[in-house]
Amino acid sequence: MPDVPEKLTKPYEPSLTESRIYKLWEESGFFNPDNLPCANTSNLKPQTFTVIMPPPNANGRLHAGHALTIALEDIMIRYNRMQGKKTLWVPGADHAGFETQVVYEKKLEKEGRSRFKMDRQDLYKEIMEFTLESKKNMEADVKALGASCDWSREKFTLDPSVVSEVQETFRKLYRDELVYRGYRTVNWCTKHQTALSDVETETTEKNDKLYYIKYGPFVVATVRPETIFGDVAIAVNPKDPRYQKYIGQTIEVTHPENTLKLLVIGDDEVDREFGTGALKITPAHDHNDFRMSETHKLPRVEVIDQFGKLNDKAGKYAGMKIAEARVKVVEDLQSLGLIEKIEDYTHAVPSCYKCNTVIEPRVMPQWFIKMAPLAKRAADAVRAKEVRFVPDNFEKIFLYWMDNTIDWNISRQIVWGIQIPAVICKICNKGDLDTNTPAGTPCPCRGVFVADTDTFDTWFSSGQWPLLALGYPNTKDLSYYPTQVMETGRDLIFKWVPRMVIFGLYLTGKAPFHTVYLHGMVNDKQGKKMSKSKGNVVSPIDLTTKYGADALRISLVVGNTPGNDLSLIEEKIKGYKHFCNKIWNATRFVLTNIGNTTLDTERPSLSLRDEEIFKELDSVVVSVTTHLESFRFHLAGEKLYHYFWNTFADTIIEEMKPRLAEDGDSKKSAEWILLHILSINLKMLHPFMPFLTEEIWGMLPSSKNPLIIEPWPKYSPQ
RNA sequence: GGGCGAUUAGCUCAGUUGGUAGAGCAAUCCGUUUACACCGGAAAGGUCGGGGGUUCAAGUCCCUCAUCGCCCACCA
């Protein structure tokens with residue numbers, strides 16, 4: 001019996017293989033496309049294949065969804081690398097502005113500290129230290145999963161070059177009049193003390209009361225009686241015969257604290273069927289009412305401050321929190337006989353997606369991006385099929401989003417982020433680029449321009465990520481742009497994907513990727529979303545330790561169709577660990593039975609039955625290749641699994657056993673068949689199960705290059 | 001109120017252009033034959049959510065209903 005490596009005589013043990021093999025790959029340099037054979041041999045420009053990794057948040061460990069991302073992207077990358085393409089996968093880390101700030105604030109809270117009592121610079125420095133430390137852990141997790149990405153090109157969203165380019169984009173938008181300083185209602189979180197974009201709010205069902213309040217000749221229905229001090233008008237539908245006669249009149253309304261003069265306006269937006277058909281207008285604390293104040297030129301009276309308390313406009317209610325004031329105001333209105341009735345009412349209320357605090361719309365000066373023209377270009381590109389979606393029904397969702405944009409508030413009142421390169425006047429709220437107007441310049445309003453301390457919404461920088469990750473505007477790597485595939489979670493179809501398309505088109509005229517592959521969410525075994533509060537979070541690193549990265553990877557991919565959610569079932573991973581061992585044991589059998597046959601041994605003459613075996617293998621190669629080209633990774637993986645186990649191991653090996661016991665040509669050809677089928681299987685399995693296959697590849701007699709750069713099998717060897 | 005997805009074997013899910021239903025796990029029986037018990041073999045298990053339609057043929061296309069899930073939404 002020929003010698004087989006000692007480790008092959010025992011069951012497969014991933015922990016003895018994985019970190020060693022990863023190191024081998026790193027040292028080979030093949031993660032970097034500049035070192036690939038195709039980069040150095042041909043004088044022709046080799047075809048490139050590029051994927052930009054969605055940069056994981058550098059504020060914790062990877063979760064199960066990341067593992068799916070890594071598995072899918074690494075499959076694409078390894079497959080295309082083996083196809084001989086100049087293949088680049090750029091890793092990154094996201095500072096994740098508000099997300100990280102929230103994580104860090106929780107940490108501060110536990111220590112009995114508060115960001116509001118800290119110096120901006122000190123806070124920034126602390127979060128930076130925390131982030132850089134977390135970043136290391138996150139990167140170790142990415143490596144543990146086997147990601148064959150080019151670490152020499154890794155980017156962090158707070159790298160100085162990234163920061164300055166993000167700021168430059170803002171300046172360009174400003175010059176192109178696509179960014180403006182607006183004074184409008186924004187989504188204000190009273191806990192986190194910052195404005196949020198619409199995608200950072202979550203609507204939750206709330207049971208409230210609907211109060212019918214007498215307003216002079218009207219009765220208006222409202223859930224927010226505490227805002228009556230900010231009322232400036234009553235709106236009715238102009239077609240409503242009940243109220244038509246009042247339109248244009250000013251009516252006097254008595255409240256507990258004061259008497260208001262309210263203009264009656266007619267507006268088609270008012271639903272005649274809801275409530276009483278008459279609506280009180282509070283422009284400073286309601287997005288709708290604000291819009292009406294624009295069309296009808298109404299004043300805006302602020303009555304709630306940044307902490308969610310009533311201000312002195314509310315007289316004796318000043319200083320009270322919203323909930324408390326509501327109770328008191330209702331009591332007082334009732335004693336004045338001004339409440340006609342109170343109904344139970346269930347409605348959807350936007351709240352902060354991090355702390356669930358009800359969002360308070362507040363009028364604030366902030367920077368906004370004009371979305372309509374940018375979104376139109378993105379929609380056009382998608383309609384022209386310059387960008388396609390897998391699965392394709394996401395195209396509809398994307399287009400719906402692009403056709404219904406509202407201007408994007410990019411100012412955040414937090415320190416953790418990229419500072420907006422602007423100056424503002426705190427008196428008149430005018431703003432300008434820092435490069436146009438240096439801080440300290442007097443403002444015509446007799447104020448003075450000071451540096452804006454606000455930071456960008458994190459999606460403003462991540463929206464430019466495909467370019468930033470390639471070092472834009474530095475041209476060295478721009479030959480990799482546009483990239484081929486953007487693979488990410490389906491929840492990012494509106495948070496992230498459109499912004500990347502928009503900025504890619506805006507900055508270069510080209511969409512940043514041709515294909516958007518969206519995977520579903522990885523849920524727990526009951527199909528429930530994983531969350532820390534539910535305590536059902538499963539760490540991919542724990543699973544890797546227990547079953548091996550290969551088993552985890554392929555179990556996440558097989559049976560998982562794009563766009564659909566996946567239940568993470570440990571039994572399934574265990575099943576694929578068994579598959580790893582099956583491959584391991586089949587290899588042991590082959591290597592102990594092939595005598596002197598090597599990968600270089602010439603093809604012997606084959607029987608008719610042997611030809612059939614290779615014909616079947618050919619059809620597997622064709623089908624696996626087609627599936628991979630068509631993003632059907634789940635089918636490619638399943639096909640390989642069954643071919644290896646049921647056909648190769650159960651049938652072909654068994655069939656060859658008697659021949660191996662003989663002597664002569666039949667034995668020789670049997671040896672050759674076994675080694676070659678094993679070798680072709682290893683190549684095709686490599687993108688799915690890189691560690692195990694690379695380890696075994698190195699044991700095959702006369703294998704030279706590492707498997708990572710072996711050519712993808714096209715057809716059976718002749 | 002709108003949109004999307006799902007509904008297939010006990011469980012988790014596949015089933016690409018329509019052509020007589022598949023896998024893993026679980027459960028049943030047999031087997032320890034020198035790659036592997038993290039194994040092999042055998043058998044069992046589904047009127048593909050209901051109803052209609054198109055077709056020679058439908059899990060697959062169309063309509064409709066039901067249930068579940070997700071997302072979006074400015075009727076105060």
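Screening A:Phe398, A:Phe394, A:Phe631 for a ring pair (Phe, Tyr, Trp, His ring centres under 6.0 Å) with A:Phe389, the sole residue that qualifies is A:Phe398.
Remark: A:Thr222 is not in phosphate contact with B:A76, judged by side-chain N or O atoms under 4.0 Å from OP1 or OP2. Applying the 4.0 Å criterion to OP1 and OP2 of B:C39, one finds that A:His578 has a side-chain N or O inside that range. Taking only side-chain nitrogens and oxygens, A:Ser567 comes nearer than 4.0 Å to OP1 or OP2 of B:C13. Regarding contacts with the backbone of B:A23, every side-chain N or O of A:Lys639 stays at 4.0 angstrom or more from both OP1 and OP2. An OP1 or OP2 oxygen of B:G40 is reached within less than 4.0 angstrom by a side-chain nitrogen or oxygen of A:Lys582. A sub-4.0 Å separation between OP1 or OP2 of B:C13 and a side-chain N or O of A:Lys572 is absent. Contact check, A:Trp401 against B:C71: no side-chain N or O comes under 4.0 Å of OP1 or OP2.
Residues A:Phe633 and A:Tyr79 keep their aromatic ring centres 6.0 Å or farther apart. Checked against the 6.0 Å centroid threshold, A:Tyr246 and A:Phe218 count as a close aromatic pair. Aromatic rings of A:His255 and A:Tyr215 (six-membered ring for Trp) have centroids within the 6.0 Å cut-off, being under it.
For A:Ile569, taking side-chain heavy atoms from C-beta onward, the closest of the listed nucleotides B:G24, B:U12, B:C36 is B:U12. Here the nucleotide nearest the side chain of A:Lys577, chosen from B:A35, B:C74, B:C38, is B:C38. Counting only heavy atoms from C-beta on, A:Glu269 has its side chain closest to B:C74 among B:A76, B:C36, B:C74. For A:Lys396, counting side-chain heavy atoms from C-beta on, the closest listed nucleotide (B:C71, B:A6, B:C4) is B:C4. With B:C25, B:A76, B:C36 as the choices, the nucleotide that has an atom nearest any side-chain atom of A:Tyr345 turns out to be B:A76. Nearest to the side-chain atoms of A:His642 among the listed nucleotides B:A23, B:G40, B:A76 stands B:A23.
As rounded to the nearest Å, B:G69 and B:A76 have P atoms that lie 24 Å from one another. B:A27 and B:G18 are spaced 40 Å apart, taking the P atom of each and rounding to whole Å. Between the P atoms of B:G22 and B:A42, the separation comes to 16 Å (whole Å). For the P atoms, the distance from B:C30 to B:A43 is 15 Å, rounded to whole Å. Remark: the separation of the P atoms in B:A14 and B:A9 is 13 Å, to the nearest Å. Look at the C1' atom in both B:G45 and B:U32: the space between them is 28 Å, to the nearest Å. Distance noted for atom C1' between B:G50 and B:A6: 16 Å (whole Å). B:G3 and B:U47: their C1' atoms are spaced 33 Å apart (whole Å).
Within the nucleic acid shown, A:Ala235 has no heavy atom closer than 4.0 Å to any nucleic acid atom. Residue-level contact check: A:Phe394 touches neither bases nor backbone, having no heavy atom under 4.0 Å from any strand.
Using N1 to N3 plus N6-O4 or O6-N4 for Watson-Crick, or N1-O2 and O6-N3 for G-U wobble, each under 3.5 Å, B:U67 pairs with B:A6. With both pairing distances under 3.5 Å, B:G18 is matched to nothing as a Watson-Crick or G-U wobble pair. Across all strands shown, B:A42 pairs with B:U28; the Watson-Crick or G-U wobble distances both stay below 3.5 Å. Taking a pair to require two hydrogen-bonding distances under 3.5 Å in either a Watson-Crick or a G-U wobble arrangement, B:C48 remains unpaired. In this structure, B:G1 and B:C72 make a Watson-Crick or G-U wobble pair, each of the two defining distances being under 3.5 angstrom.
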Decide yes or no on side-chain hydrogen bond (donor to acceptor under 3.5 Å, both in side chains) for A:Lys572 and A:Ser567, but give the supporting numbers first. CA-CA 10 Å; A:Lys572 184 175 171 189; A:Ser567 298; over 6 Å; no
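Taking for each of A:Asn393 and A:Asp565 the nucleotide of RNA chain B with the nearest heavy atom, the 5'-most of the two is the partner of A:Asn393. Residue A:Glu638 is the one, among A:Glu638 and A:Phe579, whose nearest nucleotide of RNA chain B lies closer to the 5' end (criterion: closest heavy atom).
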